[in-house]
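Order of listing sets the numbers, starting from 1, for every ligand and every atom in it.
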Amino acid sequence: DNAMVFAFQKAEDVLPYLNDRCVYLVGMMGSGKTTVGKIIAEVLGYSFFDSDKLVEQSVGIPSVAEIFQVHSEAFFRDNESEVLRDLSSMHRLIVATGGGAVIRPINWSYMRKGLTIWLDVPLDALARRIAAVGTASRPLLHQESGDPYAKAYAKLTALFEQRMDSYANADARVSLENIALKQGHNDVNVLTPSAIAIEVFEYF
Ligand SMILES: Nc1ncnc2c1ncn2[C@@H]1O[C@H](COP(=O)(O)OP(=O)(O)OP(=O)(O)O)[C@@H](O)[C@H]1O
Ligand SMILES: O=C(O)C1=C[C@@H](O)[C@@H](O)[C@H](O)C1
Ligand SMILES: [Mg+2]
């Protein structure tokens, strides 16, 4: 599509500024770190890593939800920090971090070696996206009963309250609300992942 063609062009312009550094995408669950990160990596010719996936591989358990169940959130967080430490010694990577990676200061000491970008997405849009795919893979949002949208929205609100100052540590904030407004829309859902990737390049 057109946005992808434009993203490839824009990538060529911004590559010299990035200068082989890694890019860490931070943001709430469902903000698009994995989806947008893969596109950014593709157009830049960088390698993509998802820290949640790397933790699953290093622990030898195939899902974050099971790691939380079999071990604990603390065990997951310890492994997440080790993964980020290992990635921080590499170059030319796009890293989708876990939504909670920002809460540990040690993780910032690793991520600061590269460029950190906060994908800031309104909570109602997050809850809508997550309700559409179900909460089974996101243990902090999972609920056995009730309306998935309402439950996800309530939990996301509580998490965001605790974490917003930590997300704000990022070098840049990419606000989907602001991008949509700039383009004359009042719904962030019109923004495609490739259009968002292009906006991220503004901060390189
Ligand atoms: N721009 C977009 N428009 C519509 N849907 C999107 C957009 N970006 C991502 N999504 C959808 O939202 C859901 C969450 O996206 P994604 O998995 O990339 O988020 P994430 O930030 O990696 O979340 P997590 O922290 O839980 O891993 C996915 O189902 C994805 O397809
Ligand atoms: O926001 C969070 O705390 C999380 C986000 C996911 O990426 C996973 O890292 C895990 O489900 C926890
Ligand atoms: Mg992800």
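- Interatomic distance, Phe160 CZ to Tyr153 OH, rounded to the nearest 0.5 Å: 10.5 Å.
- Atom numbering of ligand 2 starts at 1 in the shown order; those under 4.0 Å from a heavy atom of Gly98 are 7 (O), 9 (O).
- What sits closest to atom 31 (O) of ligand 1 on the protein, heavy atoms only, is Thr35 OG1, 4.2 Å.
- Of all atoms in ligand 2, listed by their number and element, those nearer than 4.0 Å to a heavy atom of Phe76 are 9 (O).
- Rounding to the nearest 0.5 Å places CZ of Phe49 at 6.0 Å from CG of Leu93.
- For atom 28 (C) of ligand 1, the protein comes within 4.0 Å by no heavy atom at all.
- If you check each of Gly100, Pro139, Ser51 against atom 2 (C) of ligand 2, the one with the closest non-hydrogen atom is Gly100.
- Taking CD of Gln69 as the start and NE2 of His142 as the end, the distance is 8.5 Å to the nearest 0.5 Å.
- In this structure, Phe76 and Phe68 have tilted ring planes: the angle between them lies in the 30° to 60° band.
- The atoms of ligand 2 that sit less than 4.0 Å from any heavy atom of Val64 are 10 (C), 11 (O).
- Taking 4.0 Å as the cut-off, Arg77 counts as a neighbour of ligand 2 on heavy-atom distance.
- In this structure, atom 23 (O) of ligand 1 lies nearest to the protein heavy atom Gly30 N, 2.9 Å.
- Of the inter-residue distances, the one linking His91 atom NE2 with Asn19 atom CG reads 9.0 Å to the nearest 0.5 angstrom.
- A donor atom on one side chain and an acceptor atom on the other are found under 3.5 Å apart for Ser81 and Asn107.
- Counting the atoms of ligand 1 from 1 in the order shown, those under 4.0 Å from a heavy atom of Met28 are 21 (O).
- Nearest non-hydrogen protein atom to atom 19 (O) of ligand 1 is Gly32 N, 3.1 Å.
- Ligand 1 lies nowhere less than 4.0 angstrom from a heavy atom belonging to Gly98.
- Partner of Leu176 under the side chain to side chain contact (heavy atoms under 4.5 Å, CB included) criterion, out of Leu191, Val190, Asp187: Leu191 alone.
- Close contacts of ligand 1 with Val133, meaning ligand atoms under 4.0 Å from a residue heavy atom, involve 29 (O).
- In terms of modelled atom types and a separation under 3.5 Å, the side chain of Arg163 and the main chain of Gly99 share a donor-acceptor contact.
- With respect to atom 22 (O) of ligand 1, the closest heavy atom belonging to the protein is Thr34 OG1, 2.8 Å.
- Of all the heavy atoms of Leu191, the ones lying under 4.0 Å from any atom of ligand 1 belong exclusively to the backbone.
- If you take OH on Tyr46 and CD1 on Ile40, they are separated by 11.5 Å, rounding to the nearest 0.5 Å.
- Arg129 contributes no side-chain N or O that, together with a main-chain N or O of Leu126, makes up a donor-acceptor pair within less than 3.5 Å.
- Contact atoms of ligand 2 toward Leu140: 2 (C), 3 (O) (distance under 4.0 Å to a heavy atom of the residue).
- Within 6.0 Å of the CG atom in Asp1, the count of heavy atoms belonging to other residues, nucleotides or ligands exceeds 12.
- Counting all heavy atoms, side chain and backbone alike, Lys10 lies closest to Glu202 at NZ-OE2, 3.2 Å.
- The shortest separation from a heavy atom of Gly27 to ligand 1 is not under 4.0 Å, leaving the residue out of contact.
- If you take SG on Cys22 and CE on Met111, they are separated by 12.0 Å, rounding to the nearest 0.5 Å.
- In the vicinity of Arg163, heavy-atom distances shorter than 4.0 Å reach the ligand 2 atoms 1 (O), 2 (C), 3 (O).
- Among the atoms of Thr34, an N, O or S atom falls under 2.8 Å of the Mg ion (ligand 3).
- Considering backbone and side-chain atoms alike, Ser31 places an N or O below 3.5 Å from some N or O of ligand 1.
- The parts of Lys33 lying near ligand 1 are both backbone and side chain, judged by heavy-atom distances below 4.0 Å.
- Contacts of Ile196 with ligand 1, taken as heavy-atom pairs under 4.0 Å, involve the side chain alone.
- Taking every non-hydrogen atom of Asp52 and a distance limit under 4.0 Å, the qualifying atoms of ligand 1 come out as 27 (O).
- Ranked by closest heavy atom to atom 7 (C) of ligand 1, the top entry among Arg129, Met29, Arg138 is Arg129.
- Using a 4.0 Å cutoff on heavy atoms, Ala96 does not count as a contact of ligand 1.
- The two residues Asn178 and Arg173 come nearest to each other via the heavy atoms ND2-NH1, 4.0 Å.
- The aromatic rings of Phe75 and His71 lie parallel to each other, with less than 30° between the two planes, well short of the 60° mark.
- On a distance-only criterion, Asp52 and ligand 2 share at least one N/O pair closer than 3.5 Å.
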